Colleague: 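Mind having a look at this structure? Questions to follow.
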Amino acid sequence: MSSGAPPPQPSPARGEGVGIQIAPSILTADFGRLAEQIRAADAGGADVWHLDIMDGHFVPPLSFGKEVIAAVRAVTSKPIEAHLMVAHPGEQFADMAKAGAGRLILHFEAVASDVEIARNHIAQARALGCEVGIAINPETPAEALFPLLDVIDEVVVMLIRPGWGGQEANLDHLAKVRAIRAAAPGIVIEVDGGVKAHNARTCVEAGATLLVAGSAVFNPTQTPQEAIAALRASLA
């Protein structure tokens with residue numbers, strides 16, 4: 001991978017006035033050609049890099065850590081968000097920020113679904129100069145986040161059980177997207193899990209402004225450029 005890191009760019013703004021953005025996840029990428037695949041997706045129009053950090057506790061799988069964040073940062077100037085599917089997210093904030101993540105996403109369930117604990121984590125991330133997102137699992141209602149919508153930059157609505165790529169999206173959870181959009185018209189709402197060309201438009205119509213795309217971008221039948229073009233075409 002390239003040794004000189006491009007300067008980080010500002011993260012996407014809150015939802016108002018921002019076009020629909022695509023955030024590739026690298027879980028299904030070829031890690032032996034990771035730099036090449038990142039550059040290809042950037043050339044195809046990726047907007048944000050969504051990097052899934054999994055600890056084997058909050059979710060069963062293990063993924064990667066700060067070293068991969070730094071490696072991605074070295075080859076792209078696009079914003080990076082670290083999706084911390086970990087039991088103790090605050091313990092990793094400093095490492096993720098230092099490695100190049102400009103937005104830190106914690107799971108509400110990882111802080112015991114407690115608003116005050118979440119606020120403490122938000123303050124910790126802000127002190128590092130990062131934007132903050134909060135993700136909710138399928139069992140958590142949208143209303144649980146309403147007390148936090150004015151202090152976070154992004155909500156991530158999981159359309160699958162977190163931890164494994166390649167699952168089919170449960171579009172019933174888009175009701176949460178609609179509820180959050182009604183409560184906070186300007187916030188970034190990201191949907192994660194099973195987003196593909198055949199359902200991307202439905203996600204956007206519900207109010208999502210940022211689409212995580214894993215196997216939809218990195219798969220054996222398309223180049224990343226072709227895959228992102230297909231996603232864009234599905235939204236036209």
Side-chain angles (χ1 to χ4, degrees), residues 5-16 18 21 23-27 47-59 63-74 76-137 140 142 144-158 162-163 176 180 183-184 186-192 208-210 212:
Q9 298 298 308
S11 294
R14 290 166 73 89
E16 283 182 350
V18 175
Q21 298 186 312
S25 165
I26 64 172
L27 285 181
D47 297 295
V48 181
W49 285 95
H50 181 95
L51 303 186
D52 293 299
I53 314 300
M54 299 186 284
D55 65 352
H57 297 285
F58 182 73
V59 293
S63 60
F64 48 78
K66 61 183 180 180
E67 294 81 8
V68 171
I69 301 280
V72 174
R73 176 79 287 157
T76 181
S77 61
K78 300 293 176 68
I80 293 174
E81 56 181 22
H83 181 182
L84 296 167
M85 290 181 269
V86 302
H88 304 287
E91 295 178 0
Q92 299 201 33
F93 281 178
D95 283 344
M96 298 296 110
K98 185 176 180 180
R103 179 181 289 159
L104 304 174
I105 301 167
L106 63 140
H107 269 262
F108 194 50
E109 302 81 9
V111 293
S113 299
D114 185 288
V115 169
E116 289 309 311
I117 298 174
R119 285 184 182 276
N120 290 337
H121 280 70
I122 292 163
Q124 182 184 348
R126 296 273 189 227
L128 294 167
C130 292
E131 293 184 351
V132 189
I134 295 186
I136 50 173
N137 283 347
T140 300
L145 291 188
F146 283 9
L148 297 168
L149 294 179
D150 62 338
V151 293
I152 57 178
D153 301 287
E154 176 181 278
V155 174
V156 181
V157 175
M158 299 299 301
K176 299 182 195 179
I180 294 164
I187 202 166
V188 173
I189 303 179
E190 182 174 69
V191 286
D192 186 359
T209 50
L210 185 55
V212 176

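Everything quoted here is computed from the prediction, not taken from an experiment.
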Colleague: Nearest 0.5 angstrom please: L145 CG to I134 CD1, how far?
Modeller: 6.0 Å
Colleague: Going from CG on N120 to CD on Q124, what distance comes out if it is rounded to the nearest 0.5 angstrom?
Modeller: 9.0 Å
Colleague: What is the distance from atom CZ of F93 to atom CG of L128, rounded to the nearest 0.5 Å?
Modeller: 8.0 Å
Colleague: Taking all non-hydrogen atoms of both residues, which atom of A125 and which atom of V132 are closest, and how far apart?
Modeller: CB-CG2, 3.6 Å
Colleague: CD1/I69 to CD1/I80 distance, rounded to the nearest 0.5 angstrom?
Modeller: 6.0 Å
Colleague: Please report the closest heavy-atom contact between F58 and A87, naming both atoms and the distance.
Modeller: CB-N, 3.5 Å
Colleague: At what distance, to the nearest 0.5 angstrom, does CE of M96 lie from CD1 of I53?
Modeller: 5.0 Å
Colleague: Pick one: which of E109, H57, M54 meets side-chain contact (heavy atoms from CB on, under 4.5 Å) with M85?
Modeller: M54
Colleague: Determine whether a donor-acceptor pair (N or O, by modelled atom type, separation under 3.5 Å) exists between the side chain of R73 and the backbone of T76.
Modeller: yes
Colleague: Taking all atoms of both residues into account, what is the closest heavy-atom pair of C130 and A101, and its distance?
Modeller: SG-O, 3.6 Å
Colleague: Before you tell me yes or no, could you show the steps for V115 and F108 under side-chain contact (heavy atoms from CB on, under 4.5 Å), namely the whole-Å CA-CA distance, both residues' side-chain angles and the distance that decides it to 0.1 Å?
Modeller: CA-CA 8 Å; V115 169; F108 194 50; 4.3 Å; yes
Colleague: What are the two closest non-hydrogen atoms of V111 and P89, and how far apart are they?
Modeller: CG1-CG, 4.4 Å
Colleague: Measure across W49 and I26 and return the closest heavy-atom pair with its distance rounded to 0.1 Å.
Modeller: CZ3-CG2, 3.6 Å
Colleague: Which residue pairs satisfy the side-chain hydrogen bond (donor to acceptor under 3.5 Å, both in side chains) criterion with at least one member in residues 80-98, sequence neighbours excluded?
Modeller: H50-E81, H50-H83, D52-H83, E81-R103, H83-H107, H83-D192
Colleague: How many angstroms lie between NE2 in H121 and CG in D114, if you round to the nearest 0.5 Å?
Modeller: 10.5 Å
Colleague: Taking all atoms of both residues into account, what is the closest heavy-atom pair of I180 and A142, and its distance?
Modeller: CG1-CB, 3.8 Å
